Amino acid sequence: MKSLIDNARSFATTHVADPRNTEAFQALRAGQSPEALFVTCSDSRVVPALITGADPGELFELRTAGSVVPPYPSREPTGQDNRPMSEAATIEYAVCVLGVRDIVVCGHSHCGAVGALVRGEDLSAVPAVRDWLEHSVAPDAALRSVVPSSADVAEAVQVHVLAQLARLRDYPCVRERTDDGSLTLHAWYYEVHTGAVAAHQPSFDGRPAFGPL
């Protein structure tokens, strides 16, 4: 923790006060206008700004366990999912208020959440994690039928990312803007040990097809 504190203490003087950066930071007082919403896992090995080279104000982020996009909350009083959700609020704000033109859902190799699901791991010791994943990944989800063939659970993660993209399309604000062409959705897969980023490309057999950006 000491190194983190030391860097936080010196950040303003060593980075922001640098003449090469001062003007850009001063401009942040006027607000933000990010290019994209980046949805990814809470995993510490995934650093969106580092991967994309984004500067402050250029990338709006939503980080959840397992890169999950929860279902849009029901507006019916009796709905099971009618409680306010931070994730839905973040997505809606990015699209409706900030006007992002792109949303990236980025899964990553060696994902603990996805690995736990496809390996059927016992999560009773972490009930909040268990309940989050059970709530977020339906019993009949394609992910649950994937048999992991490697430690990086690449295929499972890619299937999962596409499912999150499909769920995003159920958000009213997202559906409206993808329909009128003002919003584009992207599915990415990041290898934590190589830094390689792959993007989903349509395939004829219906299987996930991820290739280099």
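These figures come from a predicted structure and were not determined experimentally.
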In the single-linkage hydrophobic clustering (I, L, V, M, F, W, Y; side-chain heavy atoms under 4.5 Å), do [X] and [Y] co-cluster?
X: Trp188; Y: Leu143; value: no
X: Val104; Y: Leu185; value: no
X: Leu28; Y: Val16; value: yes
X: Tyr72; Y: Val100; value: yes
X: Val161; Y: Tyr190; value: no

Test your reading of the model: is there a side-chain donor-acceptor pair from [X] to the backbone of [Y], 3.5 Å cut-off?
X: Asn7; Y: Ser3; result: yes
X: Glu87; Y: Val69; result: no
X: Arg63; Y: Asp43; result: yes
X: Ser67; Y: Cys106; result: yes
X: Arg177; Y: Ser182; result: no
X: Gln158; Y: Glu155; result: no
X: Ser136; Y: Pro70; result: no
X: Arg175; Y: Asp170; result: yes

Nearest-0.5 Å distance that lies between atom [atom1] in [X] and atom [atom2] in [Y]:
X: Leu213; Y: His186; atom1: CG; atom2: NE2; value: 10.0 Å
X: Ile103; Y: Thr184; atom1: CD1; atom2: OG1; value: 9.5 Å
X: Leu98; Y: Glu92; atom1: CG; atom2: CD; value: 12.0 Å

Pairing residues for [X] by the side-chain hydrogen bond (donor to acceptor under 3.5 Å, both in side chains) criterion, not counting sequence neighbours:
X: Asn21; result: none
X: Glu61; result: none
X: His110; result: none

Test: salt bridge (Lys or Arg N to Asp or Glu O under 4.0 Å). Region: residues 98-121. Which pairs qualify, not counting sequence neighbours? Arg119-Glu121
Tell me the salt bridge (Lys or Arg N to Asp or Glu O under 4.0 Å) pairs involving residues 139-151, sequence neighbours left out? Glu134-Arg144
So which atom in [X] and which in [Y] form the shortest heavy-atom distance, rounded to 0.1 Å?
X: Val159; Y: Ala142; result: CG1-CB, 3.9 Å
X: Val153; Y: Pro148; result: CG1-CB, 4.1 Å
X: Ala113; Y: Gly66; result: CB-CA, 3.7 Å
X: Ala156; Y: Val114; result: CB-CG1, 3.7 Å
X: Ala88; Y: Pro73; result: CB-CD, 3.6 Å
X: Ala49; Y: Leu59; result: N-CD2, 4.2 Å

[Y] and [X], any side-chain heavy atoms less than 4.5 Å apart:
X: Phe38; Y: Thr52; value: yes
X: Phe210; Y: Leu162; value: yes
X: His135; Y: Val68; value: no
X: Glu176; Y: Cys173; value: no
X: Ile91; Y: Leu168; value: yes

Given Lys2 and Asp6, is the salt bridge (charged side-chain N to carboxylate O under 4.0 Å, His left out) satisfied, shown in steps? CA-CA 6 Å; Lys2 184 180 182 304; Asp6 288 345; 2.8 Å; yes
Quick one: hydrophobic cluster around Met1, which other residues, with the 4.5 Å side-chain cut-off, linked directly or via members? Leu4, Ile5
Taking it one step at a time, do Thr178 and Tyr171 satisfy side-chain contact (heavy atoms from CB on, under 4.5 Å)? CA-CA 11 Å; Thr178 53; Tyr171 279 59; over 6 Å; no
Hey, mind stepping through His108 and Arg45 against side-chain contact (heavy atoms from CB on, under 4.5 Å) and telling me if it holds? CA-CA 9 Å; His108 67 93; Arg45 298 168 293 181; 3.8 Å; yes
Criterion side-chain contact (heavy atoms from CB on, under 4.5 Å) on Ile51 and Val46, from CA distance to verdict: CA-CA 8 Å; Ile51 296 167; Val46 182; 4.0 Å; yes
Look at the rings of Tyr93 and Phe60 and say which category their plane angle falls in: under 30° parallel, 30 to 60° tilted, over 60° perpendicular. tilted
Pair Val157-Tyr189, side-chain contact (heavy atoms from CB on, under 4.5 Å): steps then yes or no: CA-CA 8 Å; Val157 170; Tyr189 171 74; 3.7 Å; yes
